[in-house]
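Contents: one structure, followed by commentary.
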Amino acid sequence: MDGPTAFYVLAWDAFKAVSFPYDEALRLARAVGVDLESQVIGRLAEKKAAEIKLWDSATRVAKGAVGPADGSRGMIDALHHAAHVMRTRGAEAAQEMLEQAGVAKEDEFKVAMEALLEVLPPSKTFSGIDADKAVKPAADDFDALEKLRRIAYDGEIGEPQQLDLYRELMEAD
């Protein structure tokens, strides 16, 4: 994965939260080879005091912070475009946007989508559990991307393994 996408995925994987310490973000940015101030702050997240707060697709679009849909600045941009279009205009529009951007069939896009779906908090639609208010926007991205995966990539990208855990919890009840 490219640096910005790796940062976003690994931040969700490591911290499982929207906000986490700036110092930890700096270490993670260095580990994946991105400059925290120029490639993350104001693009993927914001700095609030000594914390970093990750943005979901809707926040990035609203702030004009999402990069090109072709993933040239990072596949996280293509994924956030896809999630936002899926949420606002539906699956057909999302698929069309990805095809026009030239990333719909790209392996790098599929790998990034699979990784992101493993770390974002699942939506109630797929987990049966209401997302905490702080992570609900990220869960909404999960919802949009998982629905898109099922419609457009079912034979190519497997179902997120984390959903097995939720199914087991639901069956145990």
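One is the number of the first residue; the rest follow in order along the sequence.
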* To do: Treating Ile, Leu, Val, Met, Phe, Trp and Tyr as nodes and any side-chain heavy-atom pair under 4.5 angstrom as an edge, say whether Trp55 and Met113 lie in one connected cluster.
  => no
* Compare every heavy atom of Ala78 with every heavy atom of Leu98, then report the nearest pair and how far apart it is. => CD2-O, 4.0 Å
* **Nearest heavy-atom neighbours spanning Ala69 and Val103** => O-CG2, 3.9 Å
* Asked: CG/Leu28 to CZ/Arg30 distance, rounded to the nearest 0.5 angstrom?
  -> 11.5 Å
* Asked: Would the number of heavy atoms belonging to other residues, nucleotides or ligands and lying under 6.0 Å from CD of Glu156 be above 12?
  -> yes
* To do: Would you give the length of the straight line joining atom CD of Gln100 to atom CG of Asp70, rounded to the nearest 0.5 angstrom?
  => 12.5 Å
* Over all heavy atoms of both residues, which pair between Ala83 and Ala144 is shortest? Give the atoms and the distance, please. => O-CB, 3.6 Å
* Can you name the nearest heavy-atom pair linking Pro68 to Ser72, along with the distance? -> CG-OG, 3.5 Å
* Asked: Are Val18 and Leu44 linked, directly or through other ILVMFWY residues, by side chains that come within less than 4.5 angstrom of each other?
  -> yes
* Thinking salt bridges, do Asp141 and Arg87 make one under a 4.0 Å N-O criterion? -> yes
* Does a side-chain heavy-atom distance below 4.5 Å link Gln95 with Met86? -> no
* To do: Side-chain contact test, heavy atoms from C-beta onward, threshold under 4.5 Å: evaluate it for Leu163 versus Leu117 and give yes or no.
  => no
* To do: In sequence, state the C-alpha distance, the side-chain angles, and the governing distance for Glu46 and Thr59, and then conclude on side chain to side chain contact (heavy atoms under 4.5 Å, CB included).
  => CA-CA 11 Å; Glu46 64 187 304; Thr59 302; 5.6 Å; no
* Asked: Are Arg27 and Asp23 close enough, and set up right, to give a salt bridge (charged side-chain N to carboxylate O under 4.0 Å, His left out), and what steps lead you there?
  -> CA-CA 6 Å; Arg27 284 187 192 93; Asp23 290 346; 5.5 Å; no
* Atom CG in Leu120, atom NZ in Lys16: separation rounded to 0.5 Å? -> 11.0 Å
* Asked: So, do Arg149 and Pro160 sit near enough that their side-chain heavy atoms are less than 4.5 Å apart?
  -> yes
* Asked: Taking the side chain as C-beta and beyond, is there a heavy-atom pair between Val34 and Asp2 under 4.5 Å?
  -> no
* Would you call Met75 and Met1 a side-chain contact if the rule is heavy atoms closer than 4.5 Å? -> no
* **Tyr8 side chain near Val119 side chain, heavy-atom distance below 4.5 Å** => no
* Asked: Is there a path from Leu79 to Val66 through hydrophobic residues (I, L, V, M, F, W, Y) whose side chains come within less than 4.5 Å of each other?
  -> no
* Asked: salt bridge (charged side-chain N to carboxylate O under 4.0 Å, His left out) between Arg43 and Asp77: does it pass, once the steps are laid out?
  -> CA-CA 9 Å; Arg43 288 187 178 185; Asp77 292 332; over 6 Å; no
* **Chi angles and distances behind the side chain to side chain contact (heavy atoms under 4.5 Å, CB included) call for Arg60, Ile76** => CA-CA 11 Å; Arg60 290 187 69 208; Ile76 191 63; 4.2 Å; yes
* Asked: In the single-linkage hydrophobic clustering (I, L, V, M, F, W, Y; side-chain heavy atoms under 4.5 Å), do Trp12 and Phe126 co-cluster?
  -> yes
* Heavy-atom donor-acceptor pair, Glu146 side chain to Phe142 backbone, under 3.5 Å -> no
* **Shared hydrophobic cluster for Val40 and Val32 (ILVMFWY, side-chain gaps under 4.5 Å)** => yes
* To do: Applying salt bridge (charged side-chain N to carboxylate O under 4.0 Å, His left out), run through Lys110 and Glu114 and close with a yes or a no.
  => CA-CA 6 Å; Lys110 294 174 194 174; Glu114 185 174 24; over 6 Å; no
* To do: Test Arg150 against Glu159 for side chain to side chain contact (heavy atoms under 4.5 Å, CB included), laying out the working first.
  => CA-CA 8 Å; Arg150 288 173 181 224; Glu159 181 179 77; 3.0 Å; yes
* To do: Report the distance from atom OH of Tyr22 to atom CD of Glu51, rounding to the nearest 0.5 Å.
  => 12.5 Å
* Any donor and acceptor pair, going by atom type alone, linking the side chain of His81 with main-chain N or O of Gly67 inside 3.5 Å? -> yes
* Spatial distance of atom CG (Leu10) from atom OG1 (Thr5) [nearest 0.5 Å] -> 10.5 Å
* **Ring geometry between Phe109 and Tyr153 (parallel below 30°, tilted from 30 to 60°, perpendicular above 60°)** => tilted
* Any side-chain heavy-atom pair from Pro122 and Gln162 closer than 4.5 angstrom? -> yes
* Asked: Does Asp140 come within less than 4.0 Å of Lys136, counting only side-chain N to carboxylate O?
  -> yes
* Do the non-hydrogen side-chain atoms of Phe7 and Leu36 ever get within less than 4.5 Å of each other? -> yes
* Can you tell me how far CZ of Phe15 sits from CG of Leu54, rounded to the nearest 0.5 angstrom? -> 9.0 Å
* Asked: Can you name the nearest heavy-atom pair linking Leu148 to Ala94, along with the distance?
  -> CD1-CB, 4.2 Å
